[in-house]
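The basis for the numbers below is simple: all heavy atoms, side chains too, and nothing from hydrogens, waters or symmetry mates. This is a predicted model, so every value here is computed, not measured.
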Amino acid sequence: QVQLVESGGGLVQPGGSLRLSCKASGSIFSIKTMGWYRQAPGKERELVALFTSDDNTNYMDSVKGRFTISRDNAKNTVYLQMNSLKPEDTAVYYCNADVRRTPWPIVYVPYWGQGTQVTVSS
């Protein structure tokens with residue numbers, strides 16, 4: 001009943017930029033956290049950037065200064081601006097959100113998007 005849809009992935013040369021978008025829709029009362037994860041072939045899925053429940057942001061060390069997460073709460077949409085891309089950024093990027101579907105009980109459930117491919121290559 002909750003859907004997350006990512007867009008904006010593609011092929012880019014090293015040093016280039018991409019902007020990812022993720023929109024959540026469906027039966028949503030509120031969203032506690034919303035962020036981006038990525039998974040490269042043969043590797044574990046890892047956190048890239050997220051908004052915490054207190055509206056702070058967290059980034060993995062390797063993207064600090066290059067990636068910026070932002071959001072539009074009214075649209076239930078989160079963005080990831082990726083600059084100075086490197087080949088090691090190549091991965092499938094997934095949107096994640098902890099969603100509260102009803103006023104009661106106060107329960108948050110994690111939802112995931114289908115993923116969007118980002119390939120950084122010369």
Exercise. Looking only at atom types and distance, does a side-chain atom of Arg100 sit under 3.5 Å from a main-chain N or O of Thr102, one as donor and one as acceptor?
Worked result: yes
Problem set entry | Nearest heavy-atom neighbours spanning Ala91 and Ala40 | CB-N, 3.8 Å
Exercise. Between Asn96 and Tyr111, is there a donor-acceptor pair closer than 3.5 Å when you use the side chain of the first and the backbone of the second?
Worked result: yes
Exercise. Same cluster or not: are Ile31 and Leu50 linked, directly or through other Ile, Leu, Val, Met, Phe, Trp or Tyr residues, by side-chain heavy atoms under 4.5 angstrom apart?
Worked result: no
Exercise. Is a side-chain N or O of Thr77 found less than 3.5 angstrom from the main chain of Lys75, in a donor-acceptor match?
Worked result: yes
Seminar exercise, completed: Residues at least two apart in sequence or cross-chain that pass salt bridge (charged side-chain N to carboxylate O under 4.0 Å, His left out) with Asp98, listed by chain then number, are none
Problem set entry | Pairwise side-chain contact, Tyr108 with Ser30, heavy-atom cut-off 4.5 Å (strictly under) | yes
For this session: Under the side-chain contact (heavy atoms from CB on, under 4.5 Å) rule, what do Gln81 and Ser17 come out as? Steps first, then yes or no, please.
Result: CA-CA 8 Å; Gln81 179 67 45; Ser17 298; 4.0 Å; yes
For this session: Provide the closest heavy-atom pair for Glu88 versus Arg38 in the form atom of the first, atom of the second, distance.
Result: O-NH2, 4.2 Å
Exercise. If every non-hydrogen atom of Asp89 is compared with every non-hydrogen atom of Val120, which pair is closest and at what distance?
Worked result: CB-CG2, 4.3 Å
For this session: Can you see which heavy atom on Ser27 is nearest to which on Val2, and at what distance?
Result: O-CG2, 3.5 Å
Problem set entry | Validation row: Ser121, Pro87 side chains within 4.5 angstrom (heavy atoms) | no
Give every donor-acceptor pair under 3.5 Å between a side-chain atom in residues 57-64 and any protein atom, sequence neighbours left out.
| unit_1 | atom_1 | unit_2 | atom_2 | d |
| --- | --- | --- | --- | --- |
| Tyr59 | OH | Ile69 | N | 2.9 |
| Asp61 | OD1 | Lys64 | NZ | 3.2 |

For this session: Check whether any side-chain heavy atom of Gln117 lies under 4.5 Å from a side-chain heavy atom of Thr90, and answer yes or no.
Result: yes
Seminar exercise, completed: On a heavy-atom basis, the closest approach of Ala97 and Met34 is CB-CG, 4.0 Å
Exercise. Taking only residues two or more places apart in sequence, or in another chain, which ones meet Gln39 in a side chain to side chain contact (heavy atoms under 4.5 Å, CB included)?
Worked result: Arg45, Tyr94
Exercise. Who passes salt bridge (charged side-chain N to carboxylate O under 4.0 Å, His left out) against Arg19, sequence neighbours left out?
Worked result: none
Exercise. Passes side-chain contact (heavy atoms from CB on, under 4.5 Å), Leu20 versus Trp36? Steps please.
Worked result: CA-CA 9 Å; Leu20 307 183; Trp36 292 93; 3.6 Å; yes
Exercise. Between Ser84 and Arg66, what is the shortest heavy-atom contact and its length?
Worked result: O-NH1, 3.0 Å
Problem set entry | Leu80 vs Thr68, side-chain contact (heavy atoms from CB on, under 4.5 Å): CA-CA, chis, key distance, verdict | CA-CA 6 Å; Leu80 186 67; Thr68 302; over 6 Å; no
Problem set entry | Note, Val99 side chain near Val109 side chain (heavy atom, < 4.5 Å) | no
Problem set entry | Which residues share a salt bridge (charged side-chain N to carboxylate O under 4.0 Å, His left out) with Asp54, sequence neighbours left out | none
Exercise. Centres of the Trp112 and Tyr37 rings: under 6.0 Å?
Worked result: yes
Problem set entry | Flag side-chain contact, heavy atom, 4.5 Å: Leu18 against Val118 | yes
Exercise. Between Glu6 and Tyr93, is a side-chain contact (heavy atoms from CB on, under 4.5 Å) present by the stated rule, with each step listed?
Worked result: CA-CA 8 Å; Glu6 304 104 329; Tyr93 284 70; over 6 Å; no
Problem set entry | Qualifying disulfide (SG to SG under 2.5 Å) pairs with a residue from residues 84-118, counting only residues at least two apart or across chains | Cys22-Cys95
